[in-house]
Amino acid sequence: MNNLLEIQDAHVYIGSFYILQGISMVVPKGEVTLLLGRNGAGKTTTMKTILGLYPPREGKVVFKGEEISNLPTHKIVNKGIGYVPDTRRIFGTLTVEQNLTVSRRKSSSRDDLQERLDLIFDLFPDMKGFLKQRAGTLSGGQQQMLAVARALVNDNDLLLIDEPTEGLSPLLAKNLINALDRLKEFATILLVEQNFRTVSKLGDNYYIFDSGKIVHEGNNMSELIADKALVAQYLGVSI
Amino acid sequence: MTMQTKRFSPRDYLEENPQVRKILRIAMVIALIIIGGLLVVMAIDVYTWDGFVARTSKSVVNGLALSMLLFLMVSGFFLIFGLCDVINFAHGAFFMLGGFMGFVIYLGTEALFLDSTLPFHLIFGANQFAMSLTAFIVSALGATAILALIGGGIEFFTVRRLYGNPIAQILLTVGFMFIITQIAEIIWGPPQFSYFITPNSQIAYFFMSGILDFGEGMIFEIYRIFLIFLGLAVAAIMFVGFRKTRIGLQIQAGIEDSEMVEALGTDIRKLFTIVFMLGAGLAGLSGAVLVPWIGANSGHGLTYLIYAFVIVVIGGAHYGRFEGTFFGALIVGLSMQFTAYFIPFLENIIVFIIMAIILIIRPGGLTGHE
Amino acid sequence: MNEERKIVGNLKGTILRIPSILSNNRTVIAVLAFLYLLPLGTTAGTSPVRALLFLITQIMIFSLLAMSFDLQLGRSALLNFGHVALFGVGAYFMAYTLDAGFLPEPFNAIAAIPYPLTLVLAMMIGGFLGLIMGLTTSRMRGTAFAFIALAISMFLYNFYAENPGLSGGETGLGVPTPDLIRTAPFYLLFVALAFVFLAAFAGMVILYLKKRTDSIALILFTPIMIVFTAFLFLFGTNIYGPILVFYAFLGMILLFWMERKRRISDPLEYVEKTFAMKGEVETTNKMTTYVIPFIIIIITLIGLAVTFGTNIAEMVSLWIEDTTTFYYTIPVQFYLVLTCLVMTYFFIRRLIASPFGRMVTAVAQNEERAEALGYNSYRAKIVVLVISGAIAALAGALYAPFIRTIDPGTALGVEVTINAMLYTIIGGIGTLLGPILGTGVVVYSELNLVDFITEGLGLPGRLWLVGLGVMYIFIVLFMPLGIVGSIGRRAGSIKESLRQLKFGRFEFGLKDVDYWVFGFLGIMGLFFFLVEDPRFLPIAIGIFGFLGVVGFFLLYIFRGEISSRIRSYAKKLRFARGGD
């Protein structure tokens, strides 16, 4: 079983809007897969479809060889998926510690909590300092750390990370990418990112989305970066 | 650069100058305080200084007791609204039903304890205080449990089907309010009838029906003072529960962003049901403990629903915090009792005036977002 | 010479448009003609019709309220829990203008305003209150609007309950009947209107028969002819009137045969073709186009005048003897409310079809998207609230003199809002007829079932309200569009099947143009049923028998669909219970 996650011809509607128009993709185990494309191309919707928040009307999602497309969200997540949403969506009224408590699943085994916390503090040493602080008062970079940490308190096989560097300064973004690079050994990552050059070192599998369809896929990022025409057509020229 | 001539708009001007807006708001608050002061002075003038201390202390005690009671009820309403986004119109009806349940269970327990064929009367026969206290505790817990079951059942069988369609959910809760009110009126009669414990009790005794007399007209009912402490105790338990327990944290997080809580692996539907049970249970509890003071009455449903609305709006309806509800309840309870003693013609209107003022100053309520 | 020709041309154009107007509103005209005819049967004495008129007036007033509620909930997704405030201000304003002695000195000047004008003023006040409510929607989004609106109405309620000087205290505020309602000329005005509607009805039937030249039309027309004549026969004071009307009907059948003879080649194709041209008359035969129809209409009107002439004359002579007579109140109020309802109905229909109506719908469906498209959702909501406020205030202003005593409970209590909500939702959200039908069903059942439960079953009458609540919850859960909406959603497929109806060799295809017959027969049957007079029972049984036969055939035709629907629904239920 080489592929951790597989999406087979998924058609997704939100209300009456036809958002994903037949998406098929695979996420190989232990690697980083990048979803690229402009705003509104359907990347975030793909993530939410995997999570079961927008179940596909047709097609299916297979995780660890098991169809999950008709399961409720919490059951899907409990199979070992961590989610880092695009606008962070941390719980501002709770402290950082409470945020982590809420994110810790009941199904996670009791003993590995310390292990997970060690991993988090290892990746983000600063976090120890603001554990008792209200999350709403944190800076943008700290909130992003918390958002990633929330996905790490459980032993997840797959991490869905949506636009992690959005709104961060270049230095913070670089630190975060380095942290994600280290995460590769612990989990498979599905990463949405606009600024694909900054994440190109993370992995080589990529899918390019446009208007709810996959228009290009490949497994060599340097080739993609060299292909000026493709980049200009689907990923904008603002680089 | 060219200067564009723009029409002057006060709203835009205020948006661009937060300092000015702040000053204006402060000025407005000061003006309102002055108006309020004038009203109080006018009221004192009308009633003279005689009995001022007695009136004030009475209104403080009654106001605090009412506030605590309202807080217990409204916190349930707030939880349901905050987490599930359902404006639960049946909440007042839950509260009213809780009152009747408390009343019925109290009398039933009392009858059970006094029944000479059962062993209970050996324990309680001589000690009326212990009997009454036990019956009261049983009635409060029983009302809570029954209402929690009703609330959870309503959520599980009906409201659950309509998540994502807020208007239909509201319409549904209105239907339940209608049904519960009608059933209560069939069984216990129209709002003209109030049911109190002591007159209906077999031994005409309630463990906390005495008064405290400090002289000079400062007479307080012990039960109301007890209510203040009871309310504070339940509030403290709830605050701690929300800080320390996992489910409390989940509920708090869900009020902020329920989809995210779901995406982190919590069964949000189950949480919704739990919150419905908790909310309805709180309504039942507050309804049951109200009985010895104001009595059980089929008209309470609507009256207290309105208070719940006002308090939640004052405290911050959208993404508001629990504390907001607490202070909202304090404001409403105290202002109602103060006006009842000093400016009676405002008693039933004051809450709406306060709500209007707060919405003008802070459109999102005390703690909510705009 | 040229000018004259122009004027004549314009006139001709207007007259030529009449047939198309008539053909486009068949059901409405048929029902209205009957409703306008009803009060003519009243005489000075007590008659069963009076009680019925009173009931229908009440239903129509609450229909207005429900329609204004639906304008907010069904059209623009605004759930207004303070709706009763709009109703109450209209009612109280009307009460103050009618009773000069109630308000203190400077304010009682409003009592000098003449009656019909106060209706308009009440609407303006209601619109203004709607505007205030609308302004608060900017402060609170979405469902939280319900909070504010309820607070506004509760504020008004408490204010009135605490101020006996405004509300009349314990006994409530007595409202005298407006003088205008008790005058004969006003009554005669509406009688004239009744004749106009009857002429329109006759014209519409003639047009129908001239176009629908196959035997189906005759089959559908016969019961109408019989029942209508019987109605006049039983209600009128003169036997010659119904006979004249019957002859007029026979004339229509004559016309039908004349048309049929000319167009016998392919009647169905002919019908399709003519109706595609908006029902305009395209024939050169002066005899069948102008002469015979006019003779028929005139005979009908004369027949009507003969039938009810004695009644009308009696009513007028009573007024001449004593101008303070109260006999007029019930029929005239009926006419007044009916006219207001009809005008509101057509107004809302126009409004919804207008560009503004489309904008409101867009805002209701998805506010953010509508704003992205450039609609101003805030303004749309405010305008809807103003219009709806005006209609609700009109209902209140009609209600106060109708019910004679108002108190804060009946004019400003939350129960009124909840009732309006029940009516609207049971009838159907977002439909025109839904609120009216819902009101009729609920109000009538309330009156009669309560008696039945208390006396017939010996149970508390309020059990009916519990049942109503259960029905309401059922509708919210399973039929979100209400009675009318649910039927309307299937209307397309039902009509399609009825079009191909066939029994053996005999084709029984019903077309869109035929449905007014059922509307008319339904309302007449309802009337005969509701009037509770044993004389009319056979007719009611006849009508319902006819409709029942049709209904049975419907069930027979749709048996496959119905059983499959029930099966799929049972499956869904099991899934919902087992799932998650």
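Every chain is numbered from 1 and lettered A, B, ... according to where its sequence line falls, protein lines coming before strand lines.
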*Check whether any side-chain heavy atom of C/Tyr472 sits under 4.5 Å from a side-chain heavy atom of B/Ile179, and report yes or no.*
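SC-SC contact between C/Tyr472 and B/Ile179 ruled out.
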*For residues C/Val476 and B/Leu162, determine if any side-chain heavy atom of one lies less than 4.5 Å from a side-chain heavy atom of the other.*
yes
Select one option (side chain, backbone, both, neither) describing which atoms of [X] are under 4.5 Å from chain B's heavy atoms.
X	answer
C/Met421	side chain
C/Ile475	neither
C/Leu465	both
C/Ile152	neither
C/Ile473	both

How many angstroms lie between atom [atom1] of [X] and atom [atom2] of [Y], to the nearest 0.5 angstrom?
X	Y	atom1	atom2	result
B/Thr158	C/Phe474	OG1	CZ	13.5 Å
C/Ile429	B/Leu171	CD1	CG	6.0 Å
C/Ile418	B/Thr181	CD1	OG1	7.5 Å

*Using a heavy-atom cutoff of under 4.5 Å, enumerate the residues of residues 155-164 of chain C that contact chain B, numbered in order, or state 'none'.*
C/Phe155, C/Asn158, C/Phe159, C/Glu162
*Which side-chain hydrogen bond (donor to acceptor under 3.5 Å, both in side chains) pairs, counting each pair once, include a residue from residues 67-82 of chain C, with sequence neighbours left out?*
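Sorted pair list: C/Ser68-C/His83, C/Gln72-C/Asn80, C/Gln72-C/Ser388.
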*asked:* Using the rule given for side chain to side chain contact (heavy atoms under 4.5 Å, CB included), can you reason through B/Val351 versus C/Met154, listing the C-alpha separation, both sets of side-chain angles and the distance that settles it, and then say yes or no?
replied: CA-CA 10 Å; B/Val351 289; C/Met154 284 313 286; over 6 Å; no
*Residue by residue, scan residues 298-307 of chain B and write down, ordered by number, those that have a heavy-atom distance under 4.5 Å to chain C; if none do, write 'none'.*
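At a heavy-atom separation under 4.5 Å, chain C is reached by B/Leu302, B/Ile306.
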*Carefully, step by step, assess B/Phe89 and C/Phe81 under the rule ring-ring contact (aromatic ring centres under 6.0 Å, His included).*
CA-CA 11 Å; B/Phe89 271 79; C/Phe81 266 94; 4.0 Å; yes
*Residue B/Tyr195 excluded, over 12 heavy atoms near OH under 6.0 Å*: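 Yes, the 6.0 Å shell around OH holds more than 12 heavy atoms from other groups.
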*In terms of heavy-atom contacts, does CZ of C/Phe128 have more than 12 from other residues, nucleotides or ligands at under 6.0 Å?*
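No, not enclosed.
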*Can you say whether B/Phe309 sits under 4.5 Å from chain C via the side chain, the backbone, both, or neither, judging by heavy atoms?*
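Looking at B/Phe309, backbone and side chain both touch chain C.
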*Most heavy-atom pairs under 4.5 angstrom with chain B, which of C/Leu73, C/Val414, C/Leu477?*
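Ranked by contacts with chain B, first place is C/Leu477.
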_Top contributor to chain B interface from C/Val466, C/Leu422, C/Val470 [non-hydrogen pairs under 4.5 Å]_ = C/Val466
*Test ring pair (Phe, Tyr, Trp, His ring centres under 6.0 Å) applied to B/Phe276 - qualifying residues, sequence neighbours left out*: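 In terms of ring pair (Phe, Tyr, Trp, His ring centres under 6.0 Å), with neighbours along the sequence ignored, B/Phe276 is linked to no residue.
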